[in-house]
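Working notes, structure below.
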Amino acid sequence: MIDSFIYSLNIVAPIFVIVVLGAVLQKFRFFGDGFLGVCDSLVFKICLPCLLFQDIATTDIASSFNGKLILFCCGAVGVSVILLCALVPIFLRDNAKRGAFIQGAFRSNAAILGVTLAANMFGDAGVSVIAMVLPVVVTLFNVFAVVILSIYAPADVKLTPGQLVVRIFKSIGTNPLIISIVLALLWQLLPFEMPLIVDRSLSYLAEMSMPLALISLGANFKLESLKGRIGTAVLSSICKTVLVPAVCMGFAIMLGFRGVELGIVYIIFGGPTAVSSYIMAKQMKSDHELAAQVLLISTLLSVFTLFVGIFLLKEFGLI
């Protein structure tokens, strides 16, 4: 038990130490005006795409391809969305809140935290597997987010089927993460290795992504933003960090996933809500204040749920 405890602590604690550091530095006004916005833009548009590109471009996708794992993750995302769409409207009447609630409950922070957790848990083997799954999962998260926020959009901004299709393709085609994944897959088709100067330059940028993202995440915490909608935000966050991953892990275990594969399933579905969920909710006239609260609360909850989940998986010999 002690070994499982230390293993789990070593994986989760460093991530949230940096998040807390960001919150403390912001408390003492360490960051100048506009820094966090620039930081978020740098991470989302430059550093994180470089990280994903390098991980995927340098991974032997053909030898590590796991169709069963990809199909399971796709099915789990789809079933999660369908169940949430069936259940949430029963107790939540406001369409804008419905969209923000559902998006917050299924859209995971797989890209930002996923690679770091995979590396901490399994080393290069974990990075290779999650790099194989991320292209499909990130795309699905974006597609379903656009669809859900459109379905539950206010009447004056609801999209027609044609507009919805355009919005989905625009969301995919302009997403820096998806662009970097596609470019990395295309690079795999080329017959030569990445030049050392390019590889090292990408490494420098990639290594900045996690510290900057986590510091910014902590610095953007505002406890006063929890006023109002707190019950709805907590319920959505519990769905995201407890209920959805518990159901997905239960089915994954029954289907025989173990080791790295099972760990990657937990990383993808057990993390907090994606940071970009707030931005998209605001763009599509959903309840962006609720989306921000879900982002905050799910991140706070994930400190404990990720630790407990990893501890249990390790203790029972599943990873």
Side-chain angles (χ1 to χ4, degrees), residues 1-20 66 69-70 72-77 79-81 83-84 104-123 125-127 129-131 133-134 137-138 141 210 213-214 217-218 233-275 277 294-319:
M1 181 176 290
I2 295 298
D3 289 342
S4 298
F5 179 86
I6 294 174
Y7 174 83
S8 307
L9 189 66
N10 287 337
I11 290 168
V12 177
I15 292 173
F16 292 99
V17 165
I18 305 303
V19 173
V20 171
N66 188 327
L69 179 60
I70 292 175
F72 175 82
C73 291
C74 291
V77 172
V79 171
S80 299
V81 172
L83 289 176
L84 287 165
F106 83 84
R107 192 177 183 187
S108 199
N109 200 353
I112 292 180
L113 291 181
V115 176
T116 300
L117 283 170
N120 288 353
M121 290 173 72
F122 306 111
V127 173
V129 175
I130 199 168
V133 179
L134 273 180
V137 171
V138 170
F141 281 151
M210 291 306 106
L214 296 175
L217 195 59
V234 168
L235 184 56
S236 179
S237 300
I238 291 174
C239 287
K240 178 68 206 70
T241 58
V242 180
L243 299 181
V244 169
V247 172
C248 292
M249 292 298 290
F251 280 104
I253 291 170
M254 286 192 293
L255 290 173
F257 289 107
R258 296 292 186 275
V260 177
E261 294 178 342
L262 187 63
I264 296 305
V265 172
Y266 184 63
I267 288 170
I268 288 173
F269 294 100
T273 300
V275 175
S277 62
V294 172
L295 171 60
L296 172 59
I297 296 172
S298 67
T299 302
L300 292 173
L301 283 177
S302 68
V303 176
F304 305 100
T305 57
L306 284 173
F307 174 82
V308 171
I310 294 169
F311 172 81
L312 292 175
L313 290 173
K314 184 67 174 178
E315 183 67 14
F316 287 101
L318 296 172
I319 60 173

Between Lys314 and Tyr7, is there a donor-acceptor pair closer than 3.5 Å when you use the side chain of the first and the backbone of the second? no

Ignoring hydrogens and angles, tell me if any N or O in the side chain of Thr273 forms a donor-acceptor pair with the backbone of Gly104 under 3.5 Å. yes

Main-chain N/O of Phe106 paired to Ser80 side chain as donor or acceptor, under 3.5 Å: no

How long is the span from the CG atom in Leu243 to the CG atom in Leu84, to the nearest 0.5 Å? 9.5 Å

Is the backbone N or O of Ile11 less than 3.5 Å from a side-chain atom of Asn120, with the two atoms forming a donor-acceptor pair by type? yes

Taken to the nearest 0.5 Å, the spacing of Ile238 CD1 from Ser298 OG works out to 11.5 Å

Minimum heavy-atom separation for Ala105 and Val244, please, with both atom names. O-CG2, 3.7 Å

Close side-chain approach of Val115 to Leu134, heavy-atom, < 4.5 Å: yes

Is the closest side-chain heavy-atom distance between Arg258 and Ile253 below 4.5 Å? yes

Is there a donor-acceptor pair closer than 3.5 Å between any side-chain N or O of Ser8 and the backbone N or O of Phe311? yes

For a 4.5 angstrom cut-off between non-hydrogen side-chain atoms, does Asn66 reach Val133? no

Got Ser108 and Phe269 here, is their nearest side-chain heavy-atom distance under 4.5 Å? no

Under the 3.5 angstrom rule, does the side chain of Ser236 hit a backbone N or O of Ala233 as a donor-acceptor pair? no

For Ala274 versus Leu295, what's the shortest heavy-atom pair and its separation? O-CD1, 3.9 Å

Can you tell me how far the CD1 atom of Ile310 sits from the CG atom of Leu313, to the nearest 0.5 Å? 7.5 Å

Taking all non-hydrogen atoms of both residues, which atom of Met249 and which atom of Val265 are closest, and how far apart? SD-CG1, 3.8 Å

Taking the six-membered ring for Trp, are Phe72 and Phe257 parallel (under 30°), tilted (30 to 60°) or perpendicular (over 60°)? tilted

Can you check whether Lys240 reaches Val294 side chain to side chain, under 4.5 Å on heavy atoms? no

Residues Ser237 and Leu301: closest non-hydrogen pair is CB-CD1, 3.8 Å

Considering all heavy atoms, the nearest Gly126-Val260 contact: CA-CG1, 4.0 Å

Beyond-backbone contact of Leu117 with Leu306, side-chain heavy atoms, under 4.5 angstrom: yes

CD1 on Ile264 to CD1 on Ile130, rounded to 0.5 Å: 4.5 Å

Shortest non-hydrogen contact from Tyr266 toward Thr305: OH-O, 2.7 Å

Any Met121 side-chain heavy atom under 4.5 Å of Ile267 side chain: yes

Output yes when a side-chain donor or acceptor of Thr299 lies under 3.5 Å from a complementary backbone atom of Pro272, and no otherwise. no

